[in-house]
Participant: 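If you scroll down you'll find the structure; I have some questions about it.
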There are 2 protein chains.
Amino acid sequence: MDALTNPRAMAGQCRATTDCEHCRVRFLSVCAALDRDELAELEAIAQSIHFDAKETIFLEGEDARALYNVTCGTLRLYRLFDDGRRQIIGFALPGDFLGLDLASSHAFSADAIDAVSACRFSRTSFTALTERKPHLLRRLHSATTRELSAAQDQVMALGRRSAEEKVAWFLIHLRERYARVGDRTTMIALPMSRLDIADFLGLTIETVSRTLTRLARDESIAIDPGGIRLVDVRRIEQLAAA
Amino acid sequence: MDALTNPRAMAGQCRATTDCEHCRVRFLSVCAALDRDELAELEAIAQSIHFDAKETIFLEGEDARALYNVTCGTLRLYRLFDDGRRQIIGFALPGDFLGLDLASSHAFSADAIDAVSACRFSRTSFTALTERKPHLLRRLHSATTRELSAAQDQVMALGRRSAEEKVAWFLIHLRERYARVGDRTTMIALPMSRLDIADFLGLTIETVSRTLTRLARDESIAIDPGGIRLVDVRRIEQLAAA
DNA sequence: CGTTGAGTTGACCATCGTCAACAGGAGTGG
DNA sequence: CCACTCCTGTTGACGATGGTCAACTCAACG
């Protein structure tokens, strides 16, 4: 398993740094648009920052003073309803960028699930940089497009599908995302809790738990500490696509 | 009721034109970024086009040869599952832009619900124009951001909410969108069928129908031919936000 | 005047949510 | 080192919400 996606291997390694040129997520992220000189400009306005597990990065509605480029760890992005129900609208992984919209206030809340490191940019400096670098803006636009497509995938997953299909989709979806930063293995790390998964899929924690145990009894998956191993990949993929 | 949102009033008026300067949706749309000369450039590559009700504009996966700016009418945007289930991921209204991502293939299918007029741009010419006009790109980016936020709103609506809450949200959501092009009235035109609403909300046609009749029995709404009238706006808003 | 398609309503049933109990591991304090 | 709590996850019993199947109405259209 790749170091970027293995929670155990990551634990000791989640260190902040602003050495862009040797950054692990450089080619995945918005920064990939920049040449060496431009990268230096970006590095000049970047601050490296670290969050412990369960720390809150920002809250929905707050002034967006900064943008973040995640270099390691996992975050949950969510909104709350008036009555306290929580909907998780995504998990941010290494390479993901928070604040793509350059909006003046945050559209959702974000907190660290495990230890997280990120590059932090002040919104005003970053916005100024996009004024001067059209291809950075272009890159930003294509990243936003990817986000949009991810949101639409989630809509597909939530609309009128069974719990089993949702959970299978979640596993495959996470696997594809890990594949961007590492290998596409059959081992899927789950740094998030069952409650997080439930709030992401519009299910309850009990249904998630039951569905996973049922899939495990079927020998479609195996439940390992810290993650899931896909045993019958084909079957899970079929459920996910159905 | 505003002409742009009244299906009856629109029926005879849905005419194609490329007179940008007098375009009704000019200030709502991506074009608003352009000054007079630039608008002329855009007009030069625009083609006006008309679709009858039920015509397909494009299919998911097809080569995206063109982008469209809707000037009147309503479209449904959707994706199909392998088993034939359909998920509607949005309705396009006047002022909406299809193809914001500038991607080479369509991420979803689109067809006309009622009569639709649009400005059509070849993707290559439009992309070329964005190369020369950074503020057009900027405008494109902010439109994509709005789309993203709309998709996240839909995720909020689909995750673990009751049928009543979903339907109420749909009505309020549609009302807000109509408000962008016209007035925020209590009368909400529903050009789309019950099946369209069901496929948008992840419900069945029967549940949508039952829920609407229940809300009508409560005197929260009134079901008129061609639309819904909000009687107890407060109550519907409460349900929608819950 | 028959056909077709959209919408409504009813009866029944499955899935998933709710409530509750329990297991096991991590952390804490005596 | 053990007992205790706390937290997460699992499992069971039960019930409600919403899906399924079917019948029916009504308007549009030939």
Side-chain angles (χ1 to χ4, degrees), chain A residues 7-8 11 52-54 76 81 83-87 113-114 157-170 189-218 221-228 239 242, chain B residues 7-8 11 52-54 74 76 81 83-88 113-114 157-170 189-218 221-228 239 242:
Chain A
R8 273 167 225 291
D52 289 332
K54 303 191 182 176
R76 62 180 153 249
F81 287 105
D83 62 5
R85 276 177 295 181
R86 180 182 68 164
Q87 176 68 50
I113 291 178
D114 44 18
L158 296 193
R160 225 139 109 27
R161 310 189 70 194
S162 70
E164 201 170 40
E165 288 170 337
K166 285 181 179 184
V167 169
W169 172 80
F170 173 69
L190 294 184
M192 65 290 287
S193 69
R194 297 286 187 269
L195 181 58
D196 290 334
I197 301 174
D199 285 350
F200 182 61
L201 295 176
L203 297 171
T204 59
I205 183 174
E206 293 94 332
T207 303
V208 171
S209 181
R210 270 190 259 272
T211 306
L212 286 173
T213 20
R214 198 170 332 116
L215 289 173
R217 254 200 298 273
D218 287 1
I221 64 170
I223 302 176
D224 289 355
I228 298 285
L239 279 173
Chain B
R8 274 167 224 290
D52 290 332
K54 302 191 183 177
T74 315
R76 64 180 150 247
F81 287 105
D83 62 4
R85 277 177 295 181
R86 180 182 69 163
Q87 176 68 49
I88 291 186
I113 292 178
D114 44 18
L158 296 194
R160 227 138 110 24
R161 310 190 70 195
S162 70
E164 202 171 40
E165 289 171 336
K166 287 181 180 185
V167 169
W169 171 80
F170 173 69
L190 294 183
M192 65 289 288
S193 69
R194 297 287 186 267
L195 181 57
D196 289 334
I197 300 174
D199 285 351
F200 183 60
L201 295 176
L203 297 172
T204 58
I205 184 175
E206 293 93 334
T207 302
V208 171
S209 180
R210 270 190 260 270
T211 306
L212 286 173
T213 17
R214 198 168 334 116
L215 289 173
R217 254 200 298 271
D218 287 0
I221 63 171
I223 303 177
D224 289 355
I228 298 285
L239 279 172

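Only a predicted model underlies this, so the values are computations on that prediction, with no experimental measurement involved.
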Participant: Rounded to the nearest angstrom, tell me the gap between atom CG in B:Leu239 and atom C1' in D:dT17.
Facilitator: 16 Å

Participant: Identify the two heavy atoms, one from A:Ile205 and one from A:Ala198, that lie closest to each other, and give their separation to 0.1 Å.
Facilitator: N-CB, 3.6 Å

Participant: Less than 4.0 angstrom between a side-chain N/O of B:Arg160 and OP1 or OP2 of C:dT18, yes or no?
Facilitator: yes

Participant: Return the set of residues passing side chain to side chain contact (heavy atoms under 4.5 Å, CB included) with A:Ala222 (not counting sequence neighbours), or none when no residue passes.
Facilitator: A:Asp224, A:Arg229, A:Val231

Participant: Rounding to an integer number of Å, can you tell me how far A:Arg161 CZ sits from C:dA14 C1'?
Facilitator: 19 Å

Participant: Rounded to the nearest Å, what distance is computed from the CD1 atom of residue A:Ile205 to the P atom of nucleotide C:dA21?
Facilitator: 17 Å

Participant: Expressed in angstrom and rounded to an integer, what is the separation of A:Arg194 atom CZ from D:dT11 atom P?
Facilitator: 10 Å

Participant: Start at the 5' end of DNA chain D and walk down; is the nucleotide closest to B:Gly202 or to A:Ile223 reached first?
Facilitator: A:Ile223

Participant: What is the separation between atom CD1 on A:Ile221 and atom C1' on D:dT10, rounded to the nearest whole Å?
Facilitator: 14 Å

Participant: Tell me which nucleotide among D:dT20, C:dC16, C:dA20 gets nearest to the side chain of B:Glu206.
Facilitator: D:dT20

Participant: Judged by atom type as modelled, is there a donor-acceptor pair below 3.5 Å linking the side chain of B:Asp114 to the main-chain atoms of B:Thr74?
Facilitator: yes

Participant: Among A:Thr213, A:Thr207, A:Val208, which one satisfies side-chain contact (heavy atoms from CB on, under 4.5 Å) with A:Thr211?
Facilitator: A:Thr207

Participant: Give me the one residue out of B:Leu190, B:Ile197, B:Asp196 that meets side-chain contact (heavy atoms from CB on, under 4.5 Å) with B:Ser193.
Facilitator: B:Asp196

Participant: What is the distance, to the nearest angstrom, from the CD atom on B:Glu164 to the C1' atom on D:dA16?
Facilitator: 14 Å

Participant: Rounded to whole Å, how long is the line connecting atom CG of B:Leu195 with atom C1' of C:dT4?
Facilitator: 16 Å

Participant: Whole Å only: how far is the CE atom of A:Met192 from the P atom of D:dT8?
Facilitator: 15 Å

Participant: Pull out every residue in residues 207-218 of chain A that has a heavy atom closer than 4.0 Å to any atom of DNA chain D, ordered by number, or say none.
Facilitator: A:Ser209, A:Arg210, A:Thr213

Participant: What I'd like to find out is whether the side chain of B:Leu158 reaches to under 4.5 Å of the side chain of B:Gln87, using heavy atoms alone.
Facilitator: yes

Participant: Under the side chain to side chain contact (heavy atoms under 4.5 Å, CB included) rule, collect the residues that match up with B:Arg85, sequence neighbours excluded.
Facilitator: A:Arg161, A:Glu165, A:Ala242, B:Phe81, B:Asp83

